[in-house]
**Student:** 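Below is a structure I'd like to ask you about.
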Amino acid sequence: MVDSAAQVDLEKIVSLCKRRGFVFQSSEIYGGLSSSWDFGPLGVEMVRNLKDSWWRTMVWSRNDMVGLDAAVLMHPDAWRASGHVDSFSDPLVECRDCHRRYREDHLDGPRCPTCNGELSEPRQFNMMFKTFMGPVEEQASEVYLRPETAQGIFVNFNNVVTATRKRLPFGIAQIGKAFRNEITTGNFIFRNREFEMLEIEYFVKPGDDEKVHQQWMDDCIAWYTDLGIERDRLRLRPHEDDELSHYAKATYDIEYRYPWGWGEIMGIANRTDFDLKAHSDASGQALSYFDPESNEHIVPYVIEPSAGIGRAVMTFLIDAYTEEEAPTAAGKTETRVLLKLHPTLAPVKVAVLPLSRNEKLAPLAQRVFETVQQSGRINGYVQFDDTQSIGRRYRRQDEVGTPLCVTVDFDSLDDDAVTIRDRDTMDQDRVSIDSLVDELTQRLEQAR
Ligand code: ATP
């Protein structure tokens, strides 16, 4: 059995994603736009599930968190104050022979990795996308597409404190698109120029920051492991001094062991009071917190867990991808491909499969499907599929990670019962239609 993520071939994941409707290349009929991807019918379900799980864990399950959804376009002064106009850049080098461009800090040696040519001196390349607000394309109307969602949180700090009366420590969570004009992209949806982020800015009293930083690292790792990733496929890596962003006192990356080596899935930074102070100075509006215990205004420190959704989806898919030998109905064996996705993330929660399209069976199968779908208790997508042989349909559901299939067969007409088939064990259990929704809900929740 091959189940080690280290052995999964990325090409297999990319092809499965396209074939089954997880991820499509953007504008494919025009030849595609590099580093832009679209989530297909199953991809959107998985993204929704991922966001819901994160929101439930990070916001709804705690008493110290609130949400925000700020605009992508902000006042350009915000990006000057935050330091992004001057410092949000990567070192760009260009090969003098083949003219390919690279991020210098991603290269292993001093020469072009493609043609071994000589490389230019590095120059700092600002990664913010620029556009124009209004009908006139002039410098005065220049605005930026946000490269992180965080600044929308900082500039709203006073608004949120006044509206919610939150006391320190507390945090603001936000899910939204970000744009970075990356020098090099690649590895499917690992590094793109447009991506969606899960971000938290957690405000603490200065001095409490290091302890809280550690706590957030533990909490974030627990989120991944609760969703099925083995702890030994994750590690924490502190940033070296020369890697640290202009605002950070310390940053740890949570890394995952990809087929091509360790790579970042999430960064957890201690941004200190850098951003609130910078916006206070630039705007003239004090962004601070009145501490009722000390009767003083303080500028909180900030701990920031920050993750990309596409990267998380890809990581969960790679982690779940499994090939194993399974017996066929004809007594032979074949390779079964399955995604051992946690039920919380699985794009299809339950598939209802009539054994055949026989006209006696069809109305009952339809009734079973509606009972499950309309119960409102499955919390996700329920699918009906009556095409091809039942064996083929099980394989198709396995391949997209559907945890449970419900089969309606000819016995169902007499015993008012159906079969639940488990994706991972392939065990089949007979349950009465009356108790079906209870049984499905219980099994899906048990895995949580
Ligand atoms: P890198 O050094 O790899 O460019 P970074 O350290 O600048 O990344 P952060 O600013 O820490 O990245 O971003 C936080 C998270 O956002 C990352 O852990 C990653 O999950 C996601 N992310 C960042 N850049 C991209 C991108 N270009 N495409 C997809 N996801 C991204």
Side-chain angles (χ1 to χ4, degrees), residues 50-71 74 78 81-82 146 148-176 178 196-224 226 236 245 247-252 254 266-283 285-309 312:
L50 190 98
K51 289 182 193 175
D52 282 355
S53 163
W54 189 79
W55 202 262
R56 211 172 21 242
T57 308
M58 304 302 179
V59 183
W60 289 351
S61 307
R62 310 173 52 124
N63 198 24
D64 56 352
M65 292 290 301
V66 294
L68 186 81
D69 187 5
M74 296 177 65
S82 68
R146 65 182 178 194
E148 60 175 20
T149 74
Q151 300 304 326
I153 296 180
F154 296 131
V155 299
N156 273 302
F157 179 76
N158 284 356
N159 287 337
V160 173
V161 171
T162 309
T164 65
R165 303 168 156 271
K166 281 282 173 211
R167 296 273 181 90
L168 288 184
F170 77 93
I172 304 177
Q174 178 165 223
I175 299 178
E196 202 167 15
M197 302 184 89
L198 305 163
E199 288 203 304
I200 292 169
E201 306 305 320
Y202 195 81
F203 302 95
V204 298
K205 285 188 184 166
D208 291 346
D209 50 314
E210 290 179 15
K211 188 176 79 213
V212 173
H213 197 176
Q214 182 58 51
Q215 187 59 49
W216 272 108
M217 291 191 246
D218 296 344
D219 290 353
C220 290
I221 285 188
W223 183 67
Y224 291 107
D226 285 350
L236 275 167
S245 305
Y247 49 72
K249 166 174 159 185
T251 298
Y252 286 80
I254 299 181
M266 181 181 229
I268 306 176
N270 181 344
R271 293 182 78 129
T272 69
D273 54 7
F274 177 90
D275 300 272
L276 290 179
K277 277 194 169 153
H279 288 302
S280 299
D281 289 347
S283 68
Q285 307 263 337
L287 298 176
S288 62
Y289 169 86
F290 179 73
D291 181 17
E293 282 163 30
S294 63
N295 270 340
E296 279 177 58
H297 283 276
I298 54 175
V299 182
Y301 267 39
V302 177
I303 305 300
E304 174 195 69
S306 166
I309 290 179

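We use all heavy atoms of the structure for the numbers below, so side chains are in, but hydrogens, waters and symmetry mates are not. Position 1 is the first residue of the sequence; numbering continues from there.
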**Student:** Measuring only between side-chain heavy atoms, which start at C-beta, is Ile172 closer than 4.5 Å to Ile200?
**Tutor:** no
**Student:** Specify the closest pair of heavy atoms between Leu68 and Gln174, including all atoms of both residues, with the distance to one decimal.
**Tutor:**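 Shortest heavy-atom contact: O-CG, 3.3 Å.
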**Student:** Going by the rule salt bridge (Lys or Arg N to Asp or Glu O under 4.0 Å), which residues pair with Asp281 if we only count those two or more places apart in sequence or in a different chain?
**Tutor:** none
**Student:** When Phe203 is tested against each of Tyr301, Phe157, Tyr289 for ring pair (Phe, Tyr, Trp, His ring centres under 6.0 Å), which residue passes?
**Tutor:**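 With Phe203 as partner, ring pair (Phe, Tyr, Trp, His ring centres under 6.0 Å) holds for just one option, Phe157.
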**Student:** Heavy atoms only: give me the nearest Glu199-Ser306 pair and the separation to one decimal.
**Tutor:**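 Heavy atoms only, the tightest pair is OE2-OG, 2.8 Å.
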**Student:** Within the distance-only criterion (no hydrogens, no angle test), does the side chain of Thr272 pair as donor or acceptor with the backbone N or O of Phe274 below 3.5 angstrom?
**Tutor:**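 Side chain of Thr272 to backbone of Phe274, a donor-acceptor pair under 3.5 Å: yes, one is there.
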**Student:** Does any donor atom in the side chain of Gln151 or Asp275 lie under 3.5 Å from an acceptor atom in the other side chain?
**Tutor:**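 Judged by distance alone, the side chains do pair up.
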**Student:** Would you please test Trp216 and Met58 for side-chain contact (heavy atoms from CB on, under 4.5 Å) and show each step?
**Tutor:** CA-CA 10 Å; Trp216 272 108; Met58 304 302 179; 3.7 Å; yes
**Student:** Output the distance between atom CG (Asn270) and atom CD (Gln214), rounded to the nearest 0.5 Å.
**Tutor:** 12.0 Å
**Student:** Side-chain contact, heavy-atom cut-off 4.5 Å: His213 with Tyr202?
**Tutor:**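 When only atoms from C-beta onward are counted, Tyr202 and His213 do not touch, as no gap falls below 4.5 Å.
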**Student:** About how many Å separate SG of Cys220 and CD1 of Ile268, when rounded to the nearest 0.5 Å?
**Tutor:** 4.0 Å
**Student:** Could you check whether any side-chain N or O of Ser61 sits under 3.5 Å from a backbone N or O of Arg56, counting only pairs where one atom can act as donor and the other as acceptor?
**Tutor:**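 Looks like yes, one N/O pair under 3.5 Å.
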**Student:** Looking only at heavy atoms, which two atoms of Pro206 and Pro300 are closest? And how far apart?
**Tutor:**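 Where Pro206 meets Pro300 most closely, the heavy atoms are CD-CA, 4.5 Å.
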**Student:** Give a yes or no answer on whether the side chain of Asn158 reaches the backbone of Ala286 with a donor-acceptor pair at less than 3.5 Å.
**Tutor:** yes
**Student:** For residues Phe290 and Asn295, determine if any side-chain heavy atom of one lies less than 4.5 Å from a side-chain heavy atom of the other.
**Tutor:** yes
**Student:** Hey, is the main chain of Gly152 close enough, under 3.5 Å, to the side chain of Arg146 for a donor-acceptor pair?
**Tutor:**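 Flag not set: sc Arg146 to bb Gly152 has no pair under 3.5 Å.
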**Student:** Quick check for you: to the nearest 0.5 Å, what is the distance between Thr57 atom OG1 and Asp219 atom CG?
**Tutor:**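 Going from OG1 on Thr57 over to CG on Asp219, the span is 10.0 Å.
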**Student:** Could you work out, with salt bridge (Lys or Arg N to Asp or Glu O under 4.0 Å) as the rule, every residue matching Glu196, not counting sequence neighbours?
**Tutor:**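 For Glu196, the residues satisfying salt bridge (Lys or Arg N to Asp or Glu O under 4.0 Å) (neighbours in sequence not counted) are Lys51.
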**Student:** Could you give me the CA-CA distance, side-chain angles and deciding distance for Ile298 and Leu168, then say whether side-chain contact (heavy atoms from CB on, under 4.5 Å) is met?
**Tutor:** CA-CA 10 Å; Ile298 54 175; Leu168 288 184; 3.8 Å; yes
**Student:** Testing the basics here: between Glu210 and Lys249, what is the closest heavy-atom pair and its distance to 0.1 Å?
**Tutor:**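 Residues Glu210 and Lys249, closest heavy atoms: OE2-NZ, 3.1 Å.
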**Student:** Closest heavy-atom contact between Ala81 and Ala282?
**Tutor:**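 Smallest interatomic distance, heavy atoms only, reads CB-CB, 3.5 Å.
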**Student:** Just how far is it from atom CG of Asp52 to atom CD1 of Ile175, taken to the nearest 0.5 Å?
**Tutor:**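 Reported value, rounded in 0.5 Å steps: 8.0 Å.
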**Student:** In Å, rounded to the nearest 0.5 Å, how long is the span from OG1 of Thr164 to CG of Asn159?
**Tutor:** 10.5 Å
**Student:** Is there a side-chain contact between Ile254 and Ile221 (heavy atoms, below 4.5 Å)?
**Tutor:** yes
**Student:** Taking side chain as C-beta onward, heavy atoms only, is Ile309 less than 4.5 Å from Trp54?
**Tutor:**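 No. Closest side-chain heavy atoms not under 4.5 Å.
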**Student:** Any pair with a residue in residues 164-176 that passes salt bridge (Lys or Arg N to Asp or Glu O under 4.0 Å), sequence neighbours left out, goes on the list, sorted by first then second residue, please.
**Tutor:**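 Pairs touching residues 164-176 that pass the test: none.
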**Student:** Is there a side-chain contact between Tyr247 and Ser82 (heavy atoms, below 4.5 Å)?
**Tutor:**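 Tyr247 does not reach Ser82 side chain to side chain.
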**Student:** Provide the closest heavy-atom pair for Asp64 versus Pro169 in the form atom of the first, atom of the second, distance.
**Tutor:** CB-O, 3.8 Å
**Student:** Counting only heavy atoms not in Asn63, do more than 12 fall under 6.0 Å of its CG?
**Tutor:** no
**Student:** Drop me the distance from Asp208's CG to Gln215's CD, to the nearest 0.5 angstrom.
**Tutor:**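 Going from CG on Asp208 over to CD on Gln215, the span is 12.5 Å.
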